[in-house]
Protein chains: 2
Amino acid sequence: MAKVLTSSKSANKPSTVRKIQEALIEEISTGELAPGQHLDENGLAMRFGVSRTPVREALSRLAAQGVLVQKDRRGIFVAEYSLEELGQIFEAMHEIEAACARIVAQRLNLLARSEIEAAQAECLRTAEEGDRKGYLLANEAFHQAIYRATGNPYIAAIASEFRRRTGPFRAKKFESHEDLIASAQSHQVLLNDIFSEDSATASKGMRSHMAESFIQALKMN
Amino acid sequence: MAKVLTSSKSANKPSTVRKIQEALIEEISTGELAPGQHLDENGLAMRFGVSRTPVREALSRLAAQGVLVQKDRRGIFVAEYSLEELGQIFEAMHEIEAACARIVAQRLNLLARSEIEAAQAECLRTAEEGDRKGYLLANEAFHQAIYRATGNPYIAAIASEFRRRTGPFRAKKFESHEDLIASAQSHQVLLNDIFSEDSATASKGMRSHMAESFIQALKMN
DNA sequence: AACTACATTTTTGTATACAATATTTGAAAA
DNA sequence: TTTTCAAATATTGTATACAAAAATGTAGTT
């Protein structure tokens, strides 16, 4: 699942394997490494100037997170999904994100709000300028700001992880200038809902309707 | 995060590291290995009759999933949480489980329903008999049946993972006969909600209220 | 030219080796 | 007796070695 709180530790030097891990995550989420592509342990070892051991450890961890998949005795590959699987992954991601949004709406905190709005301002700016690369970064920051604003690092970690997993598949969606604008505007709708006066009440109402009984029931177990 | 579909592969022999992984998961979720406890690589290697290499790989994976934590240069420990962290973890787990329940309610499928009800029958039986060990198994099966019934292995994997993580902390809650009964009865409330006539409509209504706008907004990104 | 059978080469998974850092032990000083 | 410091020991992280399996290449047959 999810590492949480890897930061916040004092002056943690990135320890070879973490560096490799992050480099690979970066390349996977930008799509530089294509889904289905085989990863060469020896090649990576050479490239990072280390032996296969730490490379394998990094790959193992990413496989445990679902970003990579390991086929028995045949190596490790960038995860690749059928259309059906992809649909399920997006469904799961949307549920998690909706859960995050609900938590944010309930917790409403001014500092977090200004962070989110700053991120959104950057999204609007880059979208208008048609700065695709810039928008990808700003969009990422926007989503991360929402996850952080939940105040719950565990659900935030899950959400981030889904974002990483779906990165290669979302990347190609932002082709045209219009795509960027539309995306940034949909952020705005989201924010209006989260920060509307009656959002907290609405959210509570929504929870109490059906979810609350689920939650009550599940709490016991 | 989450391995998905490790089963369903034809006659996969459990490959040393998977065996170690599952043995450890078992011991952690039963609480046999206490939170905070240090895991001895050499000891485990001896115990499983292998070298440290596959042991370390198994530990790495579990650390990536959050079941274990790795402290730099000091080894690997069973994850241990402060009260605040524990609260956050449970909050996250409840959100995920509620999401699962909502998906099940929407998808309502008769085969899945009979599986869930069979699991619940077993819960009731073992609870009445005061069979604690039996109840723990039946309860687990009940939750897993719900996760499976979502038809979404990805969110199911997340839910399962939280269940594993919280295992050691939930375990001690089922001390008395009354605890078992109460838990089994709360299952019943949950089932009534999921399977009620208007559940699907209610669920859709709930979604459309606020969540739908979130989901719409997020879908674009 | 396409297919099969076998030998060669790579690659994976595991074991062992070793340097760097933590932990423990034990003796000397307060 | 308790504290302090240093040597001894154990453990971690990484490198290398090696057996087993998969991928690749090469003939030989049709």
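Only this structure's heavy atoms are used, side chains among them; waters, hydrogens and symmetry mates stay out. So you know, we letter chains A, B, ... as the sequences are listed, proteins then strands, and number each from 1.
Computed from coordinates, the A/Ile20 CD1 to D/dT14 C1' distance equals 11 Å when rounded to whole Å. Between the CZ atom of A/Arg61 and the C1' atom of D/dG13 there is a distance of 11 Å, rounded to whole Å. In this structure, CG of A/Leu68 is placed 13 Å from P of C/dT12, rounded to the nearest angstrom. For the pair A/Glu57 CD and C/dT12 P, the computed distance is 17 Å after rounding to whole Å. As a whole-Å value, the separation of B/Asn42 CG from C/dT23 P is 16 Å. As a whole-Å value, the separation of B/Lys71 NZ from C/dT21 C1' is 17 Å. Here D/dA22 presents its P atom at 16 Å from CD1 of A/Ile76, a figure rounded to the nearest Å. The distance from atom CG of B/Leu59 to atom P of C/dT14 is 14 Å, rounded to the nearest whole Å.
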Item to check | Candidate pair B/Glu91 and A/Asn152, rule side-chain hydrogen bond (donor to acceptor under 3.5 Å, both in side chains), full reasoning | outcome: CA-CA 8 Å; B/Glu91 175 185 52; A/Asn152 187 323; 2.7 Å; yes
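Identified under the ring pair (Phe, Tyr, Trp, His ring centres under 6.0 Å) test for residues 41-64 of chain B, with sequence neighbours left out: none.
Note on B/Glu41: only backbone sugar-phosphate atoms sit closer than 4.0 angstrom, heavy atoms only; bases stay farther off. At a threshold of 4.0 angstrom between heavy atoms, the contacts of B/Arg74 are confined to the sugar-phosphate backbone, with no base atom among them.
Taking B/Glu41 as the reference, B/Arg52, B/Arg56 meet the salt bridge (charged side-chain N to carboxylate O under 4.0 Å, His left out) condition, with sequence neighbours excluded.
Aromatic ring pairs are classed by plane angle as parallel below 30°, tilted from 30° to 60° and perpendicular above 60°; the pair A/Tyr154 and B/Tyr81 is perpendicular. Using the six-membered ring where Trp is involved, B/His38 and B/Phe77 have ring planes that are perpendicular, over 60° apart on the 30 and 60° scheme.
The side chain of A/His38 places no N or O atom within less than 4.0 Å of a non-bridging phosphate oxygen (OP1 or OP2) of C/dT10. A close approach under 4.0 Å does occur between a side-chain nitrogen or oxygen of B/Ser51 and OP1 or OP2 of C/dA15. Contact check, A/Thr16 against D/dT14: a side-chain N or O comes under 4.0 Å of OP1 or OP2. Using a 4.0 Å cut-off, no side-chain N or O of B/Arg56 falls inside it from OP1 or OP2 of D/dT12. Between A/Gln70 and the phosphate of C/dT12, there is no side-chain N or O to OP1/OP2 separation shorter than 4.0 Å.
The base of C/dT12 is paired with the side chain of A/Arg73 by a donor and an acceptor separated by under 3.5 Å.
Positionally, the nearest nucleotide of DNA chain D for B/Leu39 lies more toward the 5' end than for the other of A/Arg52 and B/Leu39.
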